[in-house]
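The structure presented is a predicted model; accordingly, all values stated were derived computationally and were not measured. Letters A, B, ... are given to chains in the order of the sequence lines, protein chains preceding strands, and every chain is numbered from 1.
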Amino acid sequence: MEVTLRHIADPLGGAVEGDDSVVISGISSLTLAKEGEISFLADPRLRDQLRVTRASAVIVKTRTDLFAGPQVIVPDPYLAYARVAAMFAPAPPRFEGVSERAVIGEGVLLGKGVSVYPFVYVGREAVIDDEVILFPGVYIGDGVHIGEGTVLYPNVSVLRNCIIGRNVIIHAGSVIGSDGFGYARDGDVSVKIPQTGTVQIGDEVEIGANTTIDRASLGATVIERGVKTDNLVQIGHNVVVGEHTIIVAQAGIAGSTRIGRNVIIGPQTGVIDHLEIGDRAMVVGKSGVVKSIPAGAVVSGSPTMPHRLWLRTREHIRRLPDYVERLKKLEKRIKELEQQEKEL
Amino acid sequence: MEVTLRHIADPLGGAVEGDDSVVISGISSLTLAKEGEISFLADPRLRDQLRVTRASAVIVKTRTDLFAGPQVIVPDPYLAYARVAAMFAPAPPRFEGVSERAVIGEGVLLGKGVSVYPFVYVGREAVIDDEVILFPGVYIGDGVHIGEGTVLYPNVSVLRNCIIGRNVIIHAGSVIGSDGFGYARDGDVSVKIPQTGTVQIGDEVEIGANTTIDRASLGATVIERGVKTDNLVQIGHNVVVGEHTIIVAQAGIAGSTRIGRNVIIGPQTGVIDHLEIGDRAMVVGKSGVVKSIPAGAVVSGSPTMPHRLWLRTREHIRRLPDYVERLKKLEKRIKELEQQEKEL
Amino acid sequence: MEVTLRHIADPLGGAVEGDDSVVISGISSLTLAKEGEISFLADPRLRDQLRVTRASAVIVKTRTDLFAGPQVIVPDPYLAYARVAAMFAPAPPRFEGVSERAVIGEGVLLGKGVSVYPFVYVGREAVIDDEVILFPGVYIGDGVHIGEGTVLYPNVSVLRNCIIGRNVIIHAGSVIGSDGFGYARDGDVSVKIPQTGTVQIGDEVEIGANTTIDRASLGATVIERGVKTDNLVQIGHNVVVGEHTIIVAQAGIAGSTRIGRNVIIGPQTGVIDHLEIGDRAMVVGKSGVVKSIPAGAVVSGSPTMPHRLWLRTREHIRRLPDYVERLKKLEKRIKELEQQEKEL
């Protein structure tokens with residue numbers, strides 16, 4: 001694809017300094033960009049790369065003398081990069097229609113323009129809306145609903161009755177609707193509690209690779225609109241994740257916990273069951289959350305504490321050997337003082 | 001399915017207070033139950049929900065005035081819930097017989113009533129016992145044995161010669177019998193140690209989604225009867241997990257460690273190699289286990305310590321900034337005292 | 001396979017003490033070895049097993065009187081074990097040729113002796129070099145290159161344009177080339193940054209089961225020659241992992257971090273983005289790495305500190321309740337001293 005700089009700048013609402021008729025064929029970083037590509041300065045520390053980039057145009061926050069070619073001025077060059085890259089990014093490759101090597105169960109409703117690769121299995125009475133792409137090895141259980149424009153990458157499993165919204169992306173190997181981990185104990189034996197609920201995933205959600213989202217024991221595990229999870233994330237039964245929340249790699253959320261909107265859960269963090277994480281809270285990576293977090297709080301540590309406190313505390317942890325030495329010295333000195341006191 | 005309350009109460013050994021002929025069509029929580037369903041009070045804190053539930057009957061530990069309808073009295077309502085839910089839960093959907101789109105290798109023994117979905121691959125000389133269900137995308141290696149009534153969900157891989165017991169459930173995407181992680185070093189180069197052992201999984205085991213259990217280097221990795229693992233769990237080569245032990249999500253057990261019976265390994269916990277975890281020990285979530293744990297111990301922290309000690313210790317960690325301030329003040333005060341002492 | 005002891009000793013460069021014509025049919029541990037098998041003493045603590053082993057020969061570092069049969073003397077018996085086991089280990093089972101139940105896209109180049117099992121999907125213009133084995137459920141995206149002798153176990157997904165080297169092993173369920181986790185924020189909404197880069201995996205790499213390696217946003221995520229990763233490992237976009245580095249189970253490496261050569265990243269460790277981990281560094285398990293690590297350093301803790309410091313620090317953490325008691329006593333004693341001082 002080739003477009004003029006004007007065609008790139010207009011949808012961004014950006015002003016062009018310089019020749020807006022230059023033809024652009026792609027976007028890349030300042031160091032990787034080739035002639036004909038546009039680049040961007042999102043991190044001011046990389047400013048010097050503007051001098052040496054081969055890019056034919058750049059997106060910047062304020063006009064710069066470091067780059068001689070045309071410039072697009074926008075308030076947020078990183079966001080502009082995301083939008084321009086989307087213009088040039090190839091769509092996922094599509095299988096034309098429904099492969100004869102796929103299996104479509106009885107009573108399935110297939111929308112227009114669906115792309116069903118070989119070795120896809122779609123269970124009875126599932127609904128596959130328009131423009132859905134199902135890659136090889138995808139399993140769709142009975143009664144599942146996949147919303148318009150959604151892409152399931154290879155070897156994704158969506159189990160019975162789960163509901164996936166529109167324009168969702170689920171990366172390879174992820175499992176939606178596995179049984180929640182619930183048992184009653186009968187003496188030493190674990191008696192399985194049937195997991196009869198479902199998983200509901202809202203529009204525009206993106207789920208990373210090899211992630212697992214368990215179905216509810218009763219009711220539904222809910223992932224609301226715009227949520228993004230990274231790879232190898234675990235979400236337990238009956239969890240609710242609020243709109244636009246971000247869950248980074250290898251984090252785990254235990255059963256029935258409710259996570260608010262616009263929350264960030266850092267990588268390798270664990271959140272125990274039945275908690276409330278308030279809107280816009282941020283949990284730093286590798287934290288262990290064992291009590292509810294109020295809206296807007298920034299916490300870290302295991303168990304969590306306010307992040308500012310943790311930054312001080314963790315420095316003190318490093319210095320414990322020194323503090324203990326000082327404590328011992330004090331004990332010695334005070335003993336001497338007490339001795340002198342007695343002698344008086 | 002519809003049954004009378006009497007048909008529900010009898011197998012539980014429960015006494016019925018009220019009309020035992022009321023017809024029941026399902027079980028749900030107090031807040032989700034509809035008319036015609038039974039519910040249960042397992043957590044006394046939810047007692048007030050008895051007043052407002054629409055359930056047609058409830059299972060309780062002691063008769064209550066908060067609910068006007070018929071009541072089933074049992075010693076453990078949560079266990080009763082598990083048993084009643086199992087009565088109503090739909091069995092996994094079955095493919096009738098062996099799909100023509102599955103591949104069955106030479107010399108395979110297929111039992112009665114097996115359900116083999118499309119896109120299942122069964123390797124040479126595997127044995128698939130009666131009533132086994134193999135979902136789409138399941139891979140069964142050469143020489144594998146799958147016991148009666150076992151269910152393998154979509155995209156599960158069981159590699160060569162592994163032995164899976166009866167009534168086992170393995171959730172989607174899990175891998176049984178991948179190579180253990182073993183290398184000898186030849187200078188800078190890692191030389192692979194062939195992993196020629198197997199994995200043996202006992203009866204009634206349940207394995208979560210996207211979990212990995214490595215084959216032994218020599219001998220067998222053993223998961224004994226009744227063990228339950230959650231999702232994204234890692235079990236290394238030559239590990240032994242004793243009967244009825246529970247391993248929660250994202251925990252990892254390193255090679256050759258022996259875990260006893262009825263142990264609980266909390267989520268995101270790591271256990272290093274070659275340890276012994278005694279029967280009925282409990283390791284709290286996010287722990288790092290670097291030495292063996294005696295039977296019955298409750299431990300937490302990283303590295304682990306007795307849980308009671310950790311509960312006190314972690315509070316002190318939060319207060320380190322305060323303690324350090326107090327230490328500094330003491331140093332100042334004692335210096336003053338020493339000064340005064342000299343002046344005397 | 002059966003060979004004489006001489007045929008085993010020669011490629012190891014080992015001297016034989018005793019009858020070098022004894023016939024050997026396999027290798028096992030001292031306790032599991034049967035007659036006709038060879039065994040080895042790699043861990044001196046197991047020396048007493050030499051007295052009771054049924055092995056027909058042993059590999060040792062120095063000649064021992066504890067074993068009466070023939071002995072092979074080598075400098076590193078564990079490395080010798082790896083090499084001898086490789087002689088006896090069965091090769092992965094091969095499907096003869098390309099299954100009619102596999103799908104091979106247009107323009108694909110297939111080398112000699114490739115083994116393509118049923119239910120494999122190979123996308124357009126992929127290159128599959130000689131002697132490659134693709135197990136059932138493997139997905140190869142458009143434009144992927146798989147090097148000679150590489151084995152992809154069941155249900156592995158390699159997405160578009162990724163490049164896999166020679167003699168690579170990727171265990172079941174792993175995902176190579178899923179999208180990196182990158183978003184720009186537009187108010188509350190996460191705007192996806194198209195991940196248009198690739199993954200490049202060098203020769204002799206081994207990737208564990210259910211591991212995920214994300215494609216770069218721009219450029220390539222690079223796993224260099226000889227790297228070994230365990231199961232459930234996460235490697236973010238644009239990460240570079242140097243030659244012969246080892247990454248143990250459930251560790252995670254965040255975007256753009258560069259890991260040197262011969263590094264060891266312990267299990268359940270997390271490394272944040274944009275760091276440099278120097279050659280031969282060692283990060284102990286369950287660490288949280290939040291700043292770059294110099295070459296050769298051994299670190300642990302979260303956040304990391306020198307491992308020796310952590311060993312002392314973590315002991316102090318256990319004793320915090322005691323130290324706090326002592327601090328309180330000191331405060332009391334000094335108050336008394338101050339009181340006496342005043343009274344003087």
Side-chain angles (χ1 to χ4, degrees), chain B residues 101 103 119 121 123-124 137 139 141-142 155 157 159-160 173-175 178-179 181-186 188-194 196 210-212 214 218-219 232 234 236 250 252 254 268 270 272 288 301-303 305 309 312-313 316-317 319-320 323 326-327 330 333-334 337 340-341 344, chain C residues 28-29 32 42 76 78-83 85-86 88-90 93 99 101 117-119 135-137 153-155 169 171-173 204 206 208-210 226 228 230-232 243-244 246 248-250 261-262 267-268 285-286 302 314 317-318 320-321 323-324 327 330-331 334 337-338 341 344:
Chain B
R101 301 215 197 189
V103 169
F119 315 134
Y121 181 92
R124 274 174 278 199
Y139 170 83
D142 296 350
N155 294 320
S157 302
L159 288 107
R160 65 181 192 284
S174 285
V175 176
S178 37
D179 281 355
F181 194 63
Y183 302 91
R185 294 287 278 192
D186 183 11
D188 284 347
V189 176
S190 304
V191 178
K192 181 176 178 69
I193 293 172
T196 58
N210 281 350
T211 280
T212 55
D214 279 351
L218 298 165
L232 293 168
Q234 150 70 359
Q250 296 176 316
Q268 296 187 340
I272 69 161
S302 181
M305 58 188 85
L309 173 56
R312 286 160 60 206
T313 299
H316 289 313
I317 289 174
R319 292 185 198 136
L320 274 176
Y323 296 141
R326 285 157 69 179
L327 182 68
L330 280 180
R333 285 159 69 186
I334 211 162
L337 279 174
Q340 290 168 6
E341 206 60 34
L344 283 177
Chain C
S28 196
S29 65
L32 292 176
D76 183 346
Y78 195 63
L79 176 57
Y81 157 49
R83 298 215 187 280
F88 289 105
S99 169
R101 302 214 197 190
Y117 275 84
F119 316 135
F135 275 87
Y153 280 104
N155 295 319
I169 300 169
H171 288 285
E204 319 284 345
E206 185 163 359
N210 281 349
K228 313 292 180 185
D230 203 342
N231 300 341
L232 294 167
E243 288 187 8
H244 302 301
I246 286 174
V248 190
Q250 295 176 316
R261 297 174 177 204
N262 287 287
Q268 294 187 340
K286 237 179 164 60
S302 181
R314 74 189 204 184
I317 289 174
R318 293 172 66 91
L320 273 176
Y323 296 141
V324 171
L327 182 69
L330 280 181
E331 285 172 329
I334 212 161
L337 281 174
E338 286 168 342
E341 206 62 34
L344 284 177

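Contact of L327(C) with chain B is made through backbone and side chain together, with heavy-atom distances under 4.5 Å. In this structure, the portion of R314(C) lying under 4.5 Å from any heavy atom of chain B is its side chain and not its backbone. When heavy atoms are compared at a cutoff of 4.5 Å, I272(B) does not approach chain C at all. Contacts of E338(C) with chain B are made by both backbone and side-chain atoms, with heavy-atom separations under 4.5 Å. Heavy atoms of A86(C) lying under 4.5 Å from chain B belong to its backbone as well as its side chain. Only the side chain of Q268(C) comes within less than 4.5 Å of a heavy atom in chain B; its backbone stays farther off. Within the 4.5 angstrom heavy-atom criterion, only side-chain atoms of Y153(C), from C-beta onward, approach chain B. In this structure, no portion of R319(B) lies under 4.5 Å from any heavy atom of chain C. Heavy atoms closer than 4.5 Å to chain B are found nowhere in Y323(C), neither backbone nor side chain. Within the 4.5 angstrom heavy-atom criterion, atoms from both the backbone and the side chain of K228(C) approach chain B. L232(C) touches chain B through its side chain: at least one heavy atom from C-beta onward sits under 4.5 Å away, while N, CA, C and O do not.
Of the possible polar contacts, one joining the D142(B) side chain to the R124(B) backbone as a donor-acceptor pair under 3.5 Å is found.
The most heavy-atom pairs under 4.5 Å with chain B, out of H171(C), Q250(C), H244(C), come from Q250(C). Considering only heavy-atom pairs separated by less than 4.5 Å from chain B, the leading option among P136(C), S99(C), G226(C) is P136(C). Of the listed residues P154(C), A209(C), S302(C), the one with more heavy-atom pairs under 4.5 angstrom with chain B than any other is P154(C). The choice from A80(C), A85(C), P90(C), G208(C) that makes the most heavy-atom pairs within less than 4.5 Å of chain B is A85(C). Put simply, of P118(C), A89(C), A42(C), S29(C), the one with the most heavy-atom pairs under 4.5 Å next to chain B is P118(C). With chain B as the partner, the residue from I317(C), D230(C), V248(C) showing the most heavy-atom pairs under 4.5 Å is D230(C).
A heavy-atom distance below 4.5 Å is found between the side chains of L218(B) and Y81(C). Proximity of Y121(B) to S157(B): side-chain heavy atoms (C-beta onward) are nowhere separated by under 4.5 Å. Looking only at side-chain heavy atoms (C-beta outward), S190(B) and R185(B) come within less than 4.5 Å of each other. For the pair P93(C) and Y117(C), the minimum side-chain heavy-atom distance is below 4.5 Å.
The two residues G270(B) and K286(C) come nearest to each other via the heavy atoms N-NZ, 3.7 Å. Residues Y183(B) and I193(B) share a closest heavy-atom pair of C-CD1, 3.8 Å.
Looking at residues two or more places apart in sequence or on another chain, you find no ring-ring contact (aromatic ring centres under 6.0 Å, His included) involving F88(C). When the salt bridge (charged side-chain N to carboxylate O under 4.0 Å, His left out) test is applied to D179(B), the partners found at least two apart in sequence or on another chain are K192(B).
A salt bridge between D188(B) and R261(C) is absent, with no side-chain N of the basic residue lying under 4.0 Å from a carboxylate O of the acidic one.
Between the side chains of T212(B) and N210(C), no donor N or O sits under 3.5 Å from an acceptor N or O.
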